[in-house]
Amino acid sequence: MKKENRIESDSIGCMEVPVSAYYGVQSLRAKQNFPVTGTSLHPVFITNLARIKKAAAAANLESGTLPADKAAVITTACDEIASGKFRGEFIVDAVQGGAGTSANMNVNEVVANRADELLGGKRGCYRFIHPNDDVNKSQSTNDVVPTAGKLTVLDLLVPLDHELTRLEQALSAKSAEFSDVVKMGRTQLQDAVPMTLGQSFSAYCSMIRRSRVQLQKVKKEMYSVNLGATAIGSAINVPAVYFTRIVPILAAITGYPLEQADDLFDATQNIDCFASVSSVLKVCALNLSKMSNDLRLLSSGPRDGLGEIHLPAKQNGSSIMPGKVNPVIPEVVSQVAFSIIGNDAAICMAAEAGQLELNAFEPVVFYKLFESLTTLTGAVRTLTDNCIVGIAADRDHCRKFMEQSVGIATALCPYIGYKKSAEIAKQALAENKSVREIVVNERLVRESQVDRILDPVRMTELPDQRGSSTKPAGRQSA
């Protein structure tokens, strides 16, 4: 044995482990077996694994199966890990075989070695505290890991909801700011009918609010955990006191209203709840990308595009074209959306691939789901701070487009009919005249009504917002 190493053994055999390491042989073996992503366990996931070990120690103490001195040092070690210590000791890859056993054992070994050290032992000896017999007592990877996954989702949803709330508020503010900016609405990229720019941003605001509501609904599925189920749902090796106390203790530690699942067999083998969360994240990302597409179109130009809004200039847009500024913030939001859509596909496949009493593919589900939550949070934050709050309207340009459009001919339909209105629109384009000019010249409606009928502001109002006189005056012949 090298001087700087120690020898540890497991059921596979013996290995040299760095003498200073808090992790043990099973963690090191997993590191060698799964050099997959180069990414270690998510730090919030590590924190929640430690919280579960702390809750288990308390429940085992209550059940009389773990002595008070052992429970105390395990609790101390778990608190240290939850506070951020020993993060370099968690060496297994985020994506691993074994349904998360390596992740669970990595935590068990670090907690055991630290707790053993607190009782005067040496790392790797497990003289007082054993990773399996003490730290993992009354537990299985199969109930610990999915529970930690749900807690991590709940934790990561907090900053996401905060950022979505800020985005919703920023969009609402822009809706109010642009409430008097009349522009042409467009369908299929063609001129449609007038609307206000404020109405566009109000629609975005409603879209984000809907995503927030959907996330609040789906997160409730994360409150139901299978902790206490152990291997397959039968709670083998679990004392009665532990079984009834473990979830309430964990709920008190985390602050979440956790409940033990009604059907522990179902909760152990099926992970569709994570697919549900991913689906809502995907829809939210799709909506954000659609809005980003709109922002790029509306700001295109600035001279030879739509140019109805101006996005904040954040950085040079080209290494060859001087003065070019690109819509980089909406671009990065769409790229995050593309990634989340791919993550959702992986999560769906993993949820489907479970067999019989266990789904072995939770590691990749958590890797992708945590990434989706984290990247979406960052994308929303930069969208709000570096784009939405700084958007300005080009009021003159919006008005010019609206006045040039023949889309306002739609308002004539109740008065002169669809066919005649279409002829007016076609004539206006062919003769480069305004719709109003043709209507007045041909005396298609009474001159006193023209301004009211073709008022673009009135066209943007809902029926209950218009004046009392909304009844068509009847058609007139030329």
Side-chain angles (χ1 to χ4, degrees), residues 156-189 192-220 276-300 306 308-312 327-344 369 372-393 398 460-462 465:
L156 295 179
L157 279 171
V158 173
L160 175 58
D161 183 67
H162 174 71
E163 295 304 334
L164 286 171
T165 300
R166 292 180 61 240
L167 175 59
E168 180 186 336
Q169 293 169 344
L171 291 168
S172 179
K174 287 298 172 182
S175 174
E177 179 184 345
F178 300 149
S179 62
D180 62 339
V181 181
V182 181
K183 65 183 289 293
M184 282 306 297
R186 298 178 180 86
T187 58
Q188 295 165 273
L189 297 181
V193 295
M195 66 183 300
T196 69
L197 188 59
Q199 289 168 331
S200 293
F201 279 80
S202 177
Y204 301 146
C205 181
S206 297
M207 178 180 71
I208 299 304
R209 185 181 305 115
R210 185 167 60 252
S211 288
R212 289 187 57 233
V213 170
Q214 291 169 344
L215 283 170
Q216 291 300 316
K217 288 180 179 179
V218 78
K219 86 171 187 179
K220 294 179 181 178
S276 295
V277 174
S278 178
S279 178
V280 175
L281 295 177
K282 177 188 69 175
V283 172
C284 181
L286 289 172
N287 288 337
L288 287 166
S289 189
K290 187 273 178 187
M291 181 173 68
S292 295
N293 292 339
D294 289 354
L295 296 178
R296 291 198 297 272
L297 281 171
L298 292 174
S299 65
S300 59
L306 295 182
E308 292 181 342
I309 63 174
H310 301 297
L311 304 183
V328 293
I329 303 302
E331 286 173 356
V332 79
V333 171
S334 288
Q335 290 178 75
V336 169
F338 305 155
S339 176
I340 290 172
I341 293 166
N343 288 349
D344 181 67
L369 188 55
S372 292
L373 284 159
T374 302
T375 56
L376 187 59
T377 300
V380 174
R381 181 184 300 116
T382 194
L383 179 63
T384 301
D385 293 340
N386 293 313
C387 183
I388 300 300
V389 297
I391 292 176
C398 288
T460 69
E461 297 172 341
L462 297 175
Q465 297 172 323

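Keep in mind the model is a prediction, meaning the values are calculated, not measured.
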**Report entry** Flag, side chain of Lys174 to backbone of Ile391, donor-acceptor distance under 3.5 Å
**Finding:** yes
Query raised in the report: Got a donor-acceptor contact below 3.5 angstrom from the Ser175 side chain to the Gly198 backbone?
Result: yes
Requested in this report: Enter the distance from Leu286:CG to Ser211:OG here, rounded to the nearest 0.5 Å.
Outcome: 9.5 Å
Query raised in the report: Donor-acceptor pair, Ser172 side chain versus Glu168 backbone, under 3.5 Å?
Result: no
Report task. For the pair Thr375 and Asn343, evaluate side chain to side chain contact (heavy atoms under 4.5 Å, CB included) and give the outcome as yes or no after the intermediate values. Result -> CA-CA 11 Å; Thr375 56; Asn343 288 349; 5.6 Å; no
Report task. Output yes when a side-chain donor or acceptor of Thr377 lies under 3.5 Å from a complementary backbone atom of Leu373, and no otherwise. Result -> yes
Query raised in the report: Can you name the closest pair of heavy atoms from Arg381 and Glu163 and give their distance?
Result: NE-OE2, 3.2 Å
Requested in this report: Could you tell me the separation between the CG atom of Leu288 and the CE atom of Met207, rounded to the nearest 0.5 Å?
Outcome: 6.0 Å
Requested in this report: Using modelled atom types only, decide if a donor and an acceptor are shared between the side chain of Ser179 and the backbone of Ala176 within a distance under 3.5 Å.
Outcome: yes
Query raised in the report: Do any N or O atoms from the side chain of Thr460 and from the backbone of Pro194 form a donor-acceptor pair under 3.5 angstrom?
Result: no
Report task. Quick one: pull up CZ in Arg209 and OG1 in Thr165 and give me the separation to the nearest 0.5 Å. Result -> 10.5 Å
Query raised in the report: How long is the gap from CD1 on Ile309 to CZ on Phe201, to the nearest 0.5 Å?
Result: 5.0 Å
**Report entry** Nearest-0.5 Å distance, CG of residue Leu295 to OG of residue Ser300
**Finding:** 11.5 Å
**Report entry** Positive for side chain to side chain contact (heavy atoms under 4.5 Å, CB included) with Val213, one of Gln216, Lys217, Arg210
**Finding:** Lys217
Query - Reported CG-to-CE distance for the pair Leu171 and Met291, which is rounded to 0.5 angstrom - result: 5.0 Å
Query raised in the report: Quick one: does Thr382's side chain have a donor or acceptor within less than 3.5 Å of a partner on Gly378's backbone?
Result: no
